Amino acid sequence: MGEKKVTVEFVEDVALICIDNPPVNASGVAVRQGIVDALEEIKAAGSAKAIGLYCAGRTFIAGADITEFGKPPLQPGLPEVCNILEDNETPIVAVIHGTALGGGLETAMGCHARVAVPTAKVGLPEVLLGILPGAGGTQRAPRLAGIANALDLILSGRHVPAKDALAMGLVDRIDEGEPRDVALAAAKDVVAGTLATRRTGELSTTPDDAAIEVTMAAVQKKHPHLISPQKCVECVAASTGDFQEGLAFERARFMECLPSPQSKGLIHAFFGERAVANIPEKKARPRDIASVGVIGGGTMGSGISTSALMTGLPVTLIEVSQEGLDRGVATITGNLDGAVKRGKMSQEMRDAALANLTASTETESLADVDLVIEAVFEKMEIKKEIFTKLDAICKEGAVLASNTSYLDVDEIAATTKRPQDVLGLHFFSPAHIMKLLEVVVGEKTAPEVVATGFALAKKMRKVAVRAGVCDGFIGNRILGHYLKTASYLVLDGAHPDQVDKALEGFGFAMGPHRVGDLAGLDIGYMTRKRLAATRPAEERYGGAIADRLSENGWNGRKTAKGYFVYEGRETLENPDLNAIIDEERAKAGVTPRDFSDAEIVDRYMTAMISEAARVVEDGIALRPVDVDVVFLSGYGFPRFRGGPLHYADTIGAEELVKRIEAYAQEDAHYWQVPALLRKMAEDGSSFADLNKGK
Ligand code: T1G
């Protein structure tokens, strides 16, 4: 069992159990067995009248050890350990610091009292991993906090601050101090009778059928694709009955969720968001960023400024005109007010952030900033002009970044005498909300500059993914490819609404035509025009219908008309669309045919997977999981599917190659089997293998 993760200390008439399993005291088998052994050791000693259980390091148990999932279960299991704690004769008080999550909170609820330090948080986030609290959480939480609180805790997965946990009844007291000291004092108070103890399982839950009914209807509506939220509600409903029966019911539901593809997808996403931080430049020391300059007060520039201000960084916003500046400052102010409304920041923090904003039309005012982010119009000439100017103005060691979504970062860097200080920082709109940040590494970008991009992302609570230089980097390059499939499907017979509904059925929050209308069809129009000169002659053009919409001035929501018509909150059919589609099909000599929803999804996903495989093949993405995280945190890819390449493994390379070869009968230029996929089909490997470096 390796080195001891759990130790016992006897202090007069109490005993202390300390768990020490860095980094987050996950309750792997060594911790579970260690707790059981500790209780036996204390029993054998016979001197303790109360026990304090606490953790060393930065947090209380942050859950079951997720790395054990999917492997043969190791005994004792966590449900058993929680029951052993509860049945223990000598009362146990758990002391919570950091985050007691999932199996961690369940362990604490198995104890006979809970004391938290003021900064502690508790939660049951299992639903975010496609499972449910499987060590008694759905039975003990309602007994301590009531059905409504338990449903909130279990379905939101949120981390509840100590004072709210106290109000809910999840913890019994809040004490200041180091965990060991608090545990000792609390155990003493148990002996003295000033801290009450009880067995949670002996408590009863007051039925609340209305809450159960309303919540079940809500999760079925909000999470139509997911199985675990509904099972969570069923388990909480069972908590009004016999405790042991409730535990058995919970276990059965848990075992239905754990092997599900959804849970595998969500667990892949959890570890993926951590794996992408593993970059070649990981050991480089980031440069200190204490001030930021943002060039451009448009949607992106304002969003980026807002995101920086929300971290406490001072921002200097540059615009060419006072009018543009005023518009930028107004947008930033609106973003910050919105953040206050959403409870993301207090009014005081909002005021402090706004006080940290300087607006100027003088680029020279960026002479001393540590980082400049250019977010102007997507035109290479304009970007080159700006970087030439920044090169002359900015201090040595300043990091110069472009928020370009597509353009060649090396070409931009080459306009300066310091290409090693230049990189792409590709934010996603709205930049103060979207999690993803593509850190685009140029040929000459210095390792510490890349590390600076990742450090900034962490500070902004974003997920950074390292991308190489090509047209559109990771996300937009792949998007550009699979959106062609959407346009071909419409040209060949599917209706835009059917395509959207089929992909929403797959799990996307919104189909490509509605997303296009939301983002603005003019963006796609300009990209098609920009690429027209370099479009291969043999490439089938799918943009004719979308071009007609834009040429009619119908660019989506911002013009209240695009693929659909928008009246207030209503999305209606565009009465002019079908005629345009018919005309363009006729012009292209297409005899339309029917597509099933399944075929629409297969073609769309196969196109996405194909280009994603090429992005990995070309080294633009470090690993397949990097592509997955880009799509999960920047393109609304359904999280329970784990990302395009995790999903690809559920199909298998052989089947994907067969599909592409079949589709290539229609269009051999567009449907080409990526070399990586062909190799995987031949050697039976998977993207998961590649993630493991196999
Ligand atoms: N198991 C294994 N490894 C874990 C882990 C866990 N539960 N939690 C974190 N890690 C690793 C993580 O991969 C990373 O590794 C390192 O710890 C630091 O994490 C029966 C079955 C606790 C809030 O869902 O939300 O209990 O990348 O980078 O930002 O009902 O980690 O360094 O190699 O995230 O400070 C329920 C999951 C499990 C909580 C800390 N628990 N963890 O955040 O650090 S299911 C959870 C978190 C369960 C029972 C069921 C966060 C954190 P590496 P980090 P952080």
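Residue numbers start at 1 and run along the sequence shown. Worth saying up front: this structure is predicted, and the values here are computed from it rather than measured. Whatever order the structure lists them in is the order used to number ligands and atoms, beginning at 1.
- Aromatic pair F508/F637: centroids less than 6.0 angstrom apart.
- Taking R251 as the reference, nothing meets the salt bridge (Lys or Arg N to Asp or Glu O under 4.0 Å) condition, with sequence neighbours excluded.
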Next on the checklist: Test side chain to side chain donor-acceptor pair (under 3.5 Å) on T138 and E250; report intermediate values, then the result.
Outcome noted: CA-CA 7 Å; T138 69; E250 173 195 278; 2.6 Å; yes

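- More than 12 heavy atoms of other residues, nucleotides or ligands lie within 6.0 Å of NZ in K462, so this atom counts as buried by the packing criterion.
- Salt bridge absent: E438 and R466 never bring a charged side-chain N and a carboxylate O closer than 4.0 Å.
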Which pairs of N or O atoms, one from ligand 1 and one from the protein, are separated by less than 3.5 Å, and what is the distance for each pair?
unit_1: ligand 1; atom_1: 1 (N); unit_2: A64; atom_2: O; d: 3.4
unit_1: ligand 1; atom_1: 1 (N); unit_2: I66; atom_2: N; d: 2.9
unit_1: ligand 1; atom_1: 7 (N); unit_2: A64; atom_2: O; d: 2.9
unit_1: ligand 1; atom_1: 26 (O); unit_2: A64; atom_2: N; d: 2.8
unit_1: ligand 1; atom_1: 26 (O); unit_2: G103; atom_2: N; d: 2.8
unit_1: ligand 1; atom_1: 30 (O); unit_2: E106; atom_2: OE1; d: 2.6
unit_1: ligand 1; atom_1: 30 (O); unit_2: E126; atom_2: OE2; d: 2.6
unit_1: ligand 1; atom_1: 30 (O); unit_2: G134; atom_2: N; d: 3.0
unit_1: ligand 1; atom_1: 34 (O); unit_2: R274; atom_2: NE; d: 2.7
unit_1: ligand 1; atom_1: 34 (O); unit_2: R274; atom_2: NH2; d: 3.1
unit_1: ligand 1; atom_1: 35 (O); unit_2: R58; atom_2: NH1; d: 2.8
unit_1: ligand 1; atom_1: 41 (N); unit_2: A62; atom_2: O; d: 3.0

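- Of all heavy-atom pairs between M216 and Q230, the closest is CE-O, 3.5 Å.
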